[in-house]
Amino acid sequence: MKIATWNVNSIRARHDRALAWLDKHRPDVRCLQELKVIDDVFPVEAMAEAGYHAAVHGQKTYNGVAILSRSEPADVQRGLDDDVDDPQARLIAAEIEGVHVLSAYVPNGQEVGSDKWAYKLAWFERLGAYLDRRFSPTDAVVLCGDLNVAPDDTDVANPEPWADSVLCHPDARDALERVRAWGLVDVFRKHHPAGGIYSWWDYRRLAFPKNDGLRIDHILATEPMAKRSTDAAVDRDERKGTKPSDHAPVIAEFT
DNA sequence: ATGGTTGCTTAGCAA
């Protein structure tokens, strides 16, 4: 079972790339983030023609997440389903072939100390509570998405200038670690323990040609699924060429 | 050198 995740940075701007990637890689499941469209605008028919079901939790202009799958998804759930009044579409979950797959777009946080930063840290807490409420670490669960945190400095090409950024701040790393410690394995890390492989490069400052990247897109899995994982990769080529997303897809293989 | 890019929506925000 091949599971991929990609922050598309607008499904309208990435429509053709998204379809070309599906045809080339044929994953069983593909999680998407930052759709930037309402449900009605998501290209459900084009995905169906490519052979994929689409479970969509859209939002106008910002955010929006989806799960594409070759087999029909069951038990689709949108949002964190807690008592917080939150209009931002950042989580969708579905069961696919017995595996609970989550597509998450964790808040960026904008600037350490800002309101958006507090929302980011709180969102991680709410995600942890959601996992604990809905699942057990012995279930087959795969959490995919743009988690907007580089877990440690091996995931950052140039750690020094990023040290106190929203992507690397110790409080952000602690927040991700608390979610992971519930019972998740960093599947990409399992196969690439040395680090030095990134999933996001800023559009500015020639970050991609200089490989000034960070690994902030992740595939985390509970132990039963982590045991089934055989390989993981970043498709760096997808960041090349005209009109790429600023994120590259991450892919994991499971038996 | 206090910069630079992209996308959505149309000048300002978010990333």
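The structure presented is a predicted model; accordingly, all values stated were derived computationally and were not measured. By convention in this document, chain letters (A, B, ...) are assigned in the order of the sequence lines, proteins followed by strands, and residues within each chain are numbered from 1.
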Practice prompt. Select base, sugar-phosphate, or nothing to describe what A/Tyr105 touches, counting heavy atoms under 4.0 Å on all strands.
Written response: sugar-phosphate
Item to complete: Round to the nearest Å and state the distance from A/Leu206 atom CG to B/dG3 atom P.
Response: 17 Å
Worksheet item: So, is A/Lys116 near the phosphate of B/dC13, with a side-chain N or O under 4.0 Å from OP1 or OP2?
Response: no
Worksheet item: Under the side chain to side chain donor-acceptor pair (under 3.5 Å) rule, what pairs show up with a residue in residues 130-144 of chain A, not counting sequence neighbours?
Response: A/Asp75-A/Arg134, A/Tyr130-A/Arg134, A/Asp132-A/Trp182, A/Ser136-A/Thr138
When you compare the protein's N or O atoms with those of nucleotides 5-7 of chain B, which come within less than 3.5 Å of each other, and at what distance?
unit_1	atom_1	unit_2	atom_2	d
B/dT5	O4'	A/Tyr203	O	3.4
B/dG7	OP1	A/Arg14	NH1	3.1
B/dG7	OP1	A/Arg14	NH2	3.3
B/dG7	OP2	A/Lys243	NZ	3.3
B/dG7	O3'	A/Ser10	OG	3.3

Discussion item. What's the gap between B/dT6 and B/dA1 when it is taken at their P atoms, as a whole Å value?
Written reply: 25 Å
Discussion item. In this structure, how many angstroms lie between the P atom of B/dC13 and the CD atom of A/Glu34, rounded?
Written reply: 18 Å
Item to complete: In whole angstrom, give the distance that lies between atom NZ of A/Lys60 and atom C1' of B/dC8.
Response: 9 Å
Practice prompt. Check side-chain hydrogen bond (donor to acceptor under 3.5 Å, both in side chains) between A/Arg239 and all other residues, then give those that pass, not counting sequence neighbours.
Written response: none
Worksheet item: Who pairs with A/Asp81 by salt bridge (charged side-chain N to carboxylate O under 4.0 Å, His left out), at least two apart in sequence or on another chain?
Response: none
Discussion item. According to side chain to side chain donor-acceptor pair (under 3.5 Å), does anything in residues 155-164 of chain A pair up with another residue at least two apart or in another chain? List the pairs.
Written reply: A/Asp155-A/Arg189, A/Asp155-A/Arg215
Item to complete: Figure out the CG/P separation between A/Asn148 and B/dA15, and round it to whole Å.
Response: 8 Å
Discussion item. Work out how far the C1' atom of B/dG3 is from that of B/dC8, and round it to whole angstrom.
Written reply: 24 Å
Item to complete: Test A/Arg70 against every option in A/Glu97, A/Arg30, A/Lys2, A/Arg26 by the side chain to side chain contact (heavy atoms under 4.5 Å, CB included) rule and name the one that passes.
Response: A/Arg26
Worksheet item: What integer number of Å spans the C1' atoms of B/dT9 and B/dA14?
Response: 12 Å
Worksheet item: Taking for each residue the nucleotide of DNA chain B bearing the nearest heavy atom, is the 5' side occupied by A/Pro107 or by A/Ile11?
Response: A/Ile11
Discussion item. Please list all pairs meeting side chain to side chain donor-acceptor pair (under 3.5 Å) that have one or both residues in residues 108-121 of chain A, counting only residues at least two apart or in different chains.
Written reply: A/Asp86-A/Tyr119
Worksheet item: Quick one: A/Asn7 CG to B/dA14 C1', roughly how many Å, whole number?
Response: 12 Å
